[in-house]
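What follows is a set of notes on a single structure, which appears directly below.
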Number of protein chains: 2
Amino acid sequence: MTNASTTATCSQCTQRDVCFPVDLEPSQRVRLDQLSIRRIRIKRGEHLFRDGDAFKALFTVRSGFFKTGLATETGHEQVTGFQMAGEMLGLDGIVTERHMGSAVALEDSEVCAIPYTRLAELSRELPAMQQHLHKAMSREIVREHQMMLLLGSMRAQERLATFLLNLVKRLHARGFSESELVLRMTRAEIGSYLGMKLETVSRLFSRLTQEGILTVHQRHVCIADAGRLLGHESQAAIH
Amino acid sequence: MTNASTTATCSQCTQRDVCFPVDLEPSQRVRLDQLSIRRIRIKRGEHLFRDGDAFKALFTVRSGFFKTGLATETGHEQVTGFQMAGEMLGLDGIVTERHMGSAVALEDSEVCAIPYTRLAELSRELPAMQQHLHKAMSREIVREHQMMLLLGSMRAQERLATFLLNLVKRLHARGFSESELVLRMTRAEIGSYLGMKLETVSRLFSRLTQEGILTVHQRHVCIADAGRLLGHESQAAIH
DNA sequence: CGGGCGATTGACTTTCGTCAACGCGTGTGG
DNA sequence: CCACACGCGTTGACGAAAGTCAATCGCCCG
């Protein structure tokens with residue numbers, strides 16, 4: 001990794017609660033500094049880790065935006081997730097001690113690298129930390145079950161609608177609008193994530209715009225009618 | 001839960017290594033008995049847990065076969081996995097302390113229920129146990145990434161082929177044939193898991209049979225040509 | 001032996017993918 | 001500062017894949 005990095009002081013970090021449990025005693029907080037967490041800056045387009053890299057650390061996003069994905073032997077790429085501030089990356093590496101996929105920054109970003117071995121040690125000493133880590137993994141499992149539901153049983157338009165509403169919900173929780181968003185990823189990346197082709201994504205945006213449900217200008221999307229975005233017919237649709 | 005159950009003595013269990021790390025010292029093995037693990041028998045068709053149930057324990061399958069799934073508000077059911085002996089269920093419950101899906105036995109089965117709180121305690125004391133638990137969760141995350149790849153980028157026939165080969169591989173690792181298997185689930189359940197309709201599953205079985213790649217009699221499947229099952233054209237396919 | 005669930009098969013429809021052409025914007029280099 | 005080029009996005013025509021609806025079959029269990 002050739003990126004700028006500095007050692008962080010978590011006990012004084014303003015975003016600490018996104019990485020770690022909030023209910024630590026002050027005396028326990030200083031323990032976080034022993035984790036040797038490093039802050040790493042990643043420029044847009046660069047890899048945070050690649051498929052097959054040795055697994056040494058988990059990452060939490062401080063700022064910016066990432067995609068994770070994996071590739072088949074045939075060269076096809078599948079996007080498995082998009083991560084924004086406060087979200088964790090790298091959990092897939094624990095089992096084999098190698099990353100089983102790659103992570104790429106979709107805009108200039110900053111992450112905290114948490115050395116896994118030290119995190120494991122600390123979570124043996126602090127039950128709250130252990131619980132936090134277990135929940136992060138469990139949350140990821142639940143999220144992926146929901147993705148299986150989406151990919152396995154929804155139509156393309158429902159998938160896109162669900163995706164947009166999920167994105168805007170996560171952005172809203174971070175203080176952004178609950179109806180407007182700027183997509184950090186291409187149509188092809190959205191399509192890969194949602195199991196459809198980029199042309200289908202584009203056509204759906206057009207259709208939803210024509211129906212007055214969305215306003216789309218390039219990557220800027222405004223959700224005009226969240227109700228109708230998910231099949232709620234509201235009243236008679238005037239064709 | 002109204003099923004027969006007994007308290008297990010893990011230190012003497014012949015299947016211990018499927019639940020727990022093999023490299024425990026004898027002095028540490030007896031600690032397993034303090035977990036108050038219970039063996040539970042579940043009859044075919046019964047629930048091990050249901051969506052929304054309080055989460056108290058993780059489960060490992062001792063014998064039998066399970067499906068896990070979740071349901072949408074619209075009543076649609078999505079199968080999220082099939083589990084056989086040695087595999088773990090319930091990890092989705094950690095994050096909210098409620099199960100986020102259900103688990104149903106597809107044949108008469110027996111599981112070990114591992115009280116989560118005690119397991120967490122023990123894994124704070126035994127690093128090998130902690131590592132084992134983390135790996136189980138990470139493995140589940142990796143598995144689901146691969147399911148996203150399958151659902152998002154493969155055609156129906158590739159999905160079914162991948163599924164059958166995965167099943168037979170897991171069965172083979174347990175001492176069964178590497179070319180024959182008995183499906184414990186219906187066509188509808190396979191279809192739900194693989195993101196297709198039961199008619200499509202049935203048609204694919206018929207097509208693969210006609211092509212001499214499979215032999216299918218009800219739920220008994222014999223893989224005649226594993227190479228061709230995954231697009232390997234071998235030589236000229238004689239149509 | 002009979003009933004019912006599960007599986008198969010057919011005909012038709014719909015959705016989405018494929019291939020191709022074109023347009024728009026952004027960023028870069030002359 | 002402008003022009004151009006390339007990546008990204010849009011749109012259309014067509015075709016292939018899978019879904020839907022429906023009828024029938026057959027196995028298994030009671």
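Exactly one residue among Arg44(A), Met185(A), Gln83(A) makes a side-chain contact (heavy atoms from CB on, under 4.5 Å) with Leu106(A). That residue is Met185(A).
In this structure, Arg62(A) does not pair ionically with Glu87(A), as no charged nitrogen and carboxylate oxygen lie closer than 4.0 Å.
In the displayed structure, Arg50(A) atom CZ is contacted under 6.0 Å by at most 12 heavy atoms of other residues, nucleotides or ligands. Residue-environment remark: NZ (Lys135(B)) exceeds the threshold of 12 foreign heavy atoms within 6.0 Å.
For dG6(C), neither phosphate oxygen OP1 nor OP2 lies less than 4.0 angstrom from any side-chain nitrogen or oxygen of Ser202(B). When the side-chain nitrogen and oxygen atoms of Arg219(B) are compared with OP1 and OP2 of dA7(C), one or more of them lie within a distance under 4.0 Å.
For Leu198(B) and dC5(C), the CG to P distance is 15 Å, given to the nearest whole Å. Atom pair His76(B):NE2 and dG19(D):P shows a separation of 11 Å (rounding to whole Å applied). As rounded to whole Å, 9 Å separates atom C1' of dT8(C) from atom CZ of Arg187(B). Atom pair Leu204(B):CG and dA18(D):C1' shows a separation of 9 Å (rounding to whole Å applied). Whole-Å rounding puts the Leu183(A) CG to dG9(D) P distance at 9 Å. Rounded to an integer number of Å, the gap from CE of Met154(A) to P of dT15(C) is 17 Å. When rounded to the nearest whole Å, the span between CD of Gln210(A) and C1' of dT10(D) equals 12 Å. Atom-to-atom, CD of Gln218(B) to P of dC29(D) comes out at 11 Å; the value is rounded to the nearest Å.
Side-chain atoms of Arg203(B) come within donor-acceptor range of the base of dG10(C), with a qualifying N/O pair under 3.5 Å. Under 3.5 Å, the side chain of Arg207(A) and the base of dT11(D) form no donor-acceptor pair of N or O atoms. Residue-to-nucleotide contacts include no donor-acceptor pair under 3.5 Å from the side chain of Glu199(A) to the base of dC16(C). Contact of Gln157(A) with dC16(C) (side chain to base): no donor-acceptor pair of N or O atoms is detected under 3.5 Å.
Projected onto DNA chain C by closest heavy-atom contact, Met196(A) and Thr200(B) fall at different nucleotides, the more 5' of which corresponds to Thr200(B). Comparing Arg155(B) and Arg155(A) by the nucleotide of DNA chain D whose heavy atom lies nearest to each, the residue mapping closer to the 5' end is Arg155(B). Nucleotides of DNA chain D nearest to Met185(A) and Lys197(B) differ in position, and the one nearer the 5' end is that of Met185(A).
Residue Ser206(A) has its side chain nearest to dT10(D) when only dT10(D), dA18(D), dA7(C) are considered.
The aromatic rings of Tyr116(A) and Phe55(A) are tilted relative to each other, their planes meeting at an angle between 30° and 60°.
Inspection of the Ser192(B) and Glu77(B) side chains reveals no N or O donor paired with an N or O acceptor under 3.5 Å.
Recorded end-axis angle for the helix from dC1(C)-dG30(D) to dG30(C)-dC1(D) stands at 40°, based on five pairs per end and rounded to 10 degrees.
The shortest side-chain heavy-atom distance between Gln157(B) and Arg207(B) falls under the 4.5 Å cut-off.
Note on residues 172-217 of chain B: pairs passing ring pair (Phe, Tyr, Trp, His ring centres under 6.0 Å), not counting sequence neighbours, are Phe82(B)-Tyr193(B), Phe163(B)-Tyr193(B).
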